[in-house]
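Each remark here refers to the structure printed beneath this line.
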Protein chains: 2
Amino acid sequence: MPLEKSRLSQATKKRVRDADATKLRILEAAKKEFSKNGLEGARVDAIALDAKANKRMLYHYFESKDGLFRTVLEREYLKIRAEENLLDLENLPPRTALETLVRFTWEYYIANPEFITLVNSENLCKAAHIKNSATLKTISQKFVRRIQTLLDRGVRENVFRDGIDAAQLNITIASINYYYFTNRFTGSVIFERDFTAPEALEERIYFNIETICRLVCK
Amino acid sequence: MPLEKSRLSQATKKRVRDADATKLRILEAAKKEFSKNGLEGARVDAIALDAKANKRMLYHYFESKDGLFRTVLEREYLKIRAEENLLDLENLPPRTALETLVRFTWEYYIANPEFITLVNSENLCKAAHIKNSATLKTISQKFVRRIQTLLDRGVRENVFRDGIDAAQLNITIASINYYYFTNRFTGSVIFERDFTAPEALEERIYFNIETICRLVCK
DNA sequence: CGCATAACGCACCGTTTAGTTACTTACACA
DNA sequence: TGTGTAAGTAACTAAACGGTGCGTTATGCG
């Protein structure tokens with residue numbers, strides 16, 4: 001009978017005490033709070049409250065506010081790289097693959113606005129949290145190599161210009177999408193138009209694809 | 001004799017009490033502190049100390065921390081627009097004018113890295129400080145109109161493509177320069193190269209000019 | 001079942017924070 | 001040269017902050 005109860009509780013994950021579930025709740029709450037208010041602006045108490053966890057647990061699992069931020073940020077980097085890896089760039093015509101990549105970046109930022117503000121926070125503190133993360137370096141470089149392969153294939157198939165650097169292209173694709181979102185609030189005020197209106201978004205992604213295609217294609 | 005002394009002190013600006021000079025010292029110190037640590041991370045005491053002013057004066061002149069930030073940010077926007085207006089785009093061949101604009105943006109960010117982090121902070125708080133600034137809107141729109149004029153002239157002279165939106169182009173020029181700088185710390189870690197090394201900077205500005213010219217020119 | 005361990009909670013700490021009160025002092029102008 | 005006003009100062013506050021000491025309780029395992 002106690003065995004059965006144990007099996008049931010494991011299966012339904014309705015344990016009163018569940019370290020993994022608590023950790024995850026804290027991470028989700030931290031992601032919200034850090035992305036909304038920045039690293040300095042985020043409140044540890046607010047994270048604990050939102051996670052329905054005791055503040056003590058936060059320090060138990062993540063050591064410090066910075067430790068928690070590091071974990072959140074690293075997870076977000078891993079997540080975007082993982083989704084990028086799902087892109088089937090290798091089996092698409094080069095031009096279509098390029099367009100797919102631009103569109104993916106755009107849509108990822110729309111769906112995950114937190115990523116942008118987290119990265120901004122990390123740059124404000126000069127990348128102090130990720131400085132020593134070996135995994136982040138390797139996965140990012142693997143992605144640049146994938147783009148280089150795509151560029152090479154495009155050149156071979158005579159649709160891409162020769163001599164384009166994959167890292168520079170990668171930065172440019174990110175920038176024209178990233179900038180629009182991170183500055184959407186000041187942008188909307190200054191240009192007196194709603195940057196997040198559906199028509200505005202459509203106009204922008206069209207313009208961005210055009211920009212990249214004209215840069216890369218023959 | 002007291003008249004002479006007064007005249008002298010006004011001329012040399014060596015008054016013991018000088019409201020304008022104090023205000024300026026506070027603004028300069030605030031710009032440093034806000035850009036270094038963000039709005040929330042900035043410390044009012046640190047600003048007062050660096051400005052060699054009493055904290056009370058800060059509240060006397062700018063009302064609050066947010067009031068000070070608003071003033072700093074508005075001044076920085078006015079400054080970049082003023083420098084942009086010095087650009088002689090009207091009397092340059094269209095392609096040269098375009099290249100001049102891209103290069104100016106790039107060099108402005110190199111010379112004024114504070115501008116970028118201040119804008120980032122403002123976007124984190126959803127443009128709360130500049131929301132009601134009428135001057136900012138008008139000067140920005142005037143600039144977009146200048147770019148539109150340049151684009152029109154380029155089309156007439158048969159060197160630019162037709163139908164390019166000045167606002168979109170303006171955003172794109174800003175983005176490819178801005179992103180590189182704001183993310184230079186995470187970028188340097190992830191790509192394992194120094195984003196601020198002279199060779200890296202040169203490579204990037206070349207790539208950016210290429211990107212814009214390919215987008216706009218025939 | 002009994003028990004070691006890990007999950008969890010409460011109440012608290014010392015420090016730092018933005019902002020203020022109450023005061024003194026230099027200076028422009030009459 | 002006297003004086004009202006604005007510039008400037010020091011010491012303070014109440015609240016909020018990140019972080020902890022220490023006790024309690026659920027749970028998985030032998």
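Just so we're on the same page: letters track the sequence lines, and every chain starts at 1. Reckoned from all heavy atoms, side chains included, excluding hydrogens, waters and symmetry mates.
Using a 4.0 Å cut-off between charged side-chain N and carboxylate O, B/Arg214 and B/Glu210 make a salt bridge.
For B/His129, the ring pair (Phe, Tyr, Trp, His ring centres under 6.0 Å) partners at least two apart in sequence or on another chain are B/Phe69.
At least one donor-acceptor pair under 3.5 Å links the side chain of B/Glu33 to the backbone N or O of B/Arg43. Between the side chain of A/Glu122 and the backbone N or O of A/Ile130, at least one donor-acceptor pair lies under 3.5 Å.
Within 4.0 Å of B/Ala42, counting heavy atoms only, lie sugar-phosphate atoms of the nucleic acid but no base atom.
Contacts between residues 63-74 of chain A and DNA chain C, defined by a heavy-atom separation below 4.0 Å, involve no residue at all.
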Practice problem: Could you encode protein contacts along nucleotides 5-12 of chain D as a string, one character per nucleotide from 5' to 3', using B for base contact, S for sugar-phosphate-only contact and - for no contact, with a heavy-atom cut-off of under 4.0 Å? | Solution: -BBBBB--
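Remark: aromatic rings of A/Phe181 and A/Phe195 are distant, center separation not under 6.0 Å.
Classified by interplanar angle (parallel below 30°, tilted 30° to 60°, perpendicular above 60°), the ring pair B/Phe115/B/Tyr109 is parallel.
The interatomic distance linking A/Leu39 (CG) with D/dG18 (C1') rounds to 12 Å, in whole Å. Put simply, CG on B/Leu58 is 14 Å from P on C/dT17, counting in whole angstrom units. Across the protein-nucleic acid pair, A/Arg43 atom CZ and C/dT16 atom C1' stand 11 Å apart, rounded to whole Å. Regarding A/Leu49, its CG atom lies at a distance of 14 Å from the P atom of D/dA16, rounded to whole Å. The separation between B/Tyr59 atom OH and C/dA22 atom P is 18 Å, rounded to whole Å. One atom, CZ of A/Phe62, and another, P of D/dT20, lie 16 Å apart when rounded to the nearest Å. Across the protein-nucleic acid pair, A/Asp45 atom CG and D/dA16 atom C1' stand 9 Å apart, rounded to whole Å. For A/Asp20 and D/dT27, the CG to P distance is 15 Å, given to the nearest whole Å.
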Practice problem: May I have the step-by-step check of salt bridge (Lys or Arg N to Asp or Glu O under 4.0 Å) for A/Glu99 and A/Arg103, ending in yes or no? | Solution: CA-CA 6 Å; A/Glu99 200 175 314; A/Arg103 196 160 246 129; 3.3 Å; yes
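Donor-acceptor pairing under 3.5 Å is lacking for the side chains of B/Asn85 and B/Arg81.
The CD atom of A/Glu84 sits 5.0 Å away from atom CD1 of A/Ile80, with the distance rounded to the nearest 0.5 Å.
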